[in-house]
Amino acid sequence: MIQKTLDNLFEEFLTKESIFTCKGALQAKYQPKNLLHREELVKELASILAPTLRDELPSNIFIYGKTGTGKTSVIRWIADQLSSKAGSIDVRLKIIYVNIKLDRVADTEYRLFAYLGEQLGATIPTTGLPTSHVFDVFKREVDAKDSTIIVILDEVDRLISKTGDEVLYNLTRMTGDLKHSKVCIIGITNDLKFLDTLDPRVRSSLSEEEILFPPYNALQLRDILARRAEIAFKSGVVDQAVVRKCAARAAREHGDARKALDLLRVAGEIAERAGDTKVVEKHLDIAEDRIDFDRVLETVKSQPRQSKAVLFSIMRLNGEEVTTGDVYDTYRHMCMNSGLSVLTQRRVSDLISELDMLGIVSAKKKSLGRYGRTRFISLHLPSVVHGNIHEVLSSEFGM
DNA sequence: AGGTATTCACATGAAACTATTCTCTGAGTTAGG
DNA sequence: TAACTCAGAGAATAGTTTCATGTGAATACCTGT
């Protein structure tokens, strides 16, 4: 019986015509042929990097701008163009792109050097060696290449917040120790205040050139979306009105193109699943909720056990604002009942801060004068997810 | 009344510790010549 | 004698504990009127 219906379902799926022609065009990793509304920045960056083609060392570059403003796309695009150009005129150039947050292979000093070294052909174990040794291996590898090497560090702020700015200091000063090769660093971040937190020495050498990526406005977003929608959907599936709506919503949220594309893609998926042949505004509404829902549920699920326990305690206290002390009491009882080891209040306090940062709970500091100073914690979940999360957590802790 | 000192309940910071995973090194063991 | 095995030392890392210090404002306590 089940077999039969499932069979039908697959069959139906296969025969039904998809409304997409190339869904990939709406995904973050898609590289468009040309980058709309970024021509000036492309030109600027290209002119800074051009000296590599004459075998000269370009300035280090520091790029900043909010998420979804095209930083990564632009730099990757230029990197591609540059290396193919270098290839055609026989200039030795190697470009290494690392996303520190995404590739978790590179979020510490050791791992970054190991990763870079591997990109150049060395084999470096994941652990066991002193960091300085790994750095030496990397340096040797670089020098052996006898070429210009451009290292692109996407989301550098992650690296610094975890390990301090010594890494960058080492990297930026490396060229001095090398006999044959040259190294150029391109740092990318969406933390606009990041530069201020750096050691002045590092700062001045990293940001020989600074480039700001401003957010897209609604009109620009519309162009981008329209172009991508053209590639991604069959013609007539998405009309201009929907694209405009989509762009407007994303523009409201600081001109984040990635979000806009996500919204459109999910809306398309929803329409397709519902068997509709056109994407309409209704689908956008559902998509907006869905994205929210998925994001929150995913973050909660991926939390470590103790963090979930803390969240669950907050949920069980259920309702008004509670203090850190209240949460800790409930948490302790819960741990004892479910056989989980009890962490110190110090640690729980940190876990609460983390949940706050993730936007799952809100924790406001408040002083009660004579009666101490504590955080007031309340749940901060969209109501759609609340039930689901409660279910997930209570089954995990068996209550 | 006005001003200062206390006090509470944590927040926040820094350092040290723990468990795990992994490499390197050198001593001991084994198998083949 | 060369190849292999294995234990011990040393690293990196995530997660945590320990110890120390910081914090904001309601209250308690003084002081002089």
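We name chains A, B, ... by the order of the sequence lines, and we start the count at 1 in each one.
With distances taken from any side-chain atom of K365(A) to the nucleotides dT12(B), dA12(C), dA26(C), the minimum falls on dT12(B). Proximity note for S367(A) (side chain, C-beta onward) versus dA11(B), dG24(C), dA11(C): the nearest is dG24(C). The side chain of T131(A) sits closest to dA12(C) out of dA14(C), dG24(C), dA12(C). With distances taken from any side-chain atom of R370(A) to the nucleotides dC22(B), dA26(C), dT16(C), the minimum falls on dA26(C).
Protein atom CZ of F113(A) is 18 Å distant from nucleotide atom P of dA11(C), rounded to whole Å. Rounded to whole Å, atom C1' of dA12(C) lies 14 Å from atom CD1 of I124(A). Between Y328(A) atom OH and dT16(C) atom P there is a gap of 12 Å when expressed in whole angstrom units. For the pair I377(A) CD1 and dA9(B) P, the computed distance is 16 Å after rounding to whole Å. Regarding F376(A), its CZ atom lies at a distance of 13 Å from the P atom of dA25(C), rounded to whole Å. With rounding to whole Å, Y371(A) atom OH is found 16 Å from dC10(B) atom C1'. Distance CD (Q345(A)) to P (dC19(C)): 16 Å, rounded to an integer number of Å. Residue R158(A) contributes atom CZ, which lies 12 Å from atom P of dA14(C) at whole-angstrom precision.
Counting atom types as modelled, R346(A) pairs a side-chain N or O with a base atom of dG13(B) as donor and acceptor under 3.5 Å.
Distances shorter than 4.0 Å separate none of the side-chain N or O atoms of T127(A) from OP1 or OP2 on dT13(C). For the OP1/OP2 pair of dC10(B) and a distance below 4.0 Å, the side-chain nitrogens and oxygens of K366(A) include no atom meeting the criterion. Under 4.0 angstrom from either OP1 or OP2 of dT13(C) there lies at least one side-chain N or O belonging to T108(A). An OP1 or OP2 oxygen of dA11(C) is reached within less than 4.0 angstrom by no side-chain nitrogen or oxygen of Y110(A). Proximity of T344(A) to the phosphate of dT17(C): a side-chain N or O atom is located under 4.0 Å from OP1 or OP2. Checking the phosphate oxygens (OP1, OP2) of dA11(B), a side-chain nitrogen or oxygen of T324(A) falls inside 4.0 Å. Taking 4.0 angstrom as the limit, R347(A) places none of its side-chain polar atoms (N or O) nearer than this to OP1 or OP2 of dA11(B).
Mapping L368(A) and D350(A) onto DNA chain B via the closest heavy atom, the residue that lands nearer the 5' end is L368(A). Residue whose closest nucleotide on DNA chain C sits further toward the 5' end, between Q306(A) and E109(A): E109(A).
With values rounded to the nearest 0.5 angstrom, L159(A) atom CG is found 6.0 Å from L168(A) atom CG.
Proximity of the aromatic rings of F113(A) and Y115(A) is defined here by a centroid distance below 6.0 angstrom, and this criterion is not met.
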Determine, stepwise, if the pair S353(A) / D356(A) fulfils side chain to side chain donor-acceptor pair (under 3.5 Å).
-> CA-CA 5 Å; S353(A) 309; D356(A) 182 31; over 6 Å; no

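When R249(A), R295(A), K259(A), K282(A) are each tested for a salt bridge (Lys or Arg N to Asp or Glu O under 4.0 Å) with E288(A), only one passes: R249(A).
Y64(A) and D191(A) are not linked by any side-chain donor-acceptor pair at a separation below 3.5 angstrom, with hydrogens and angles left out of the test.
Looking at heavy-atom distances under 4.0 Å, V342(A) makes contact with sugar-phosphate atoms alone, never a base. R375(A) comes within 4.0 angstrom of the backbone, heavy atoms only, and of no base.
Residues I377(A) and M315(A) share a hydrophobic cluster, clusters being chains of Ile/Leu/Val/Met/Phe/Trp/Tyr side chains in contact below 4.5 Å.
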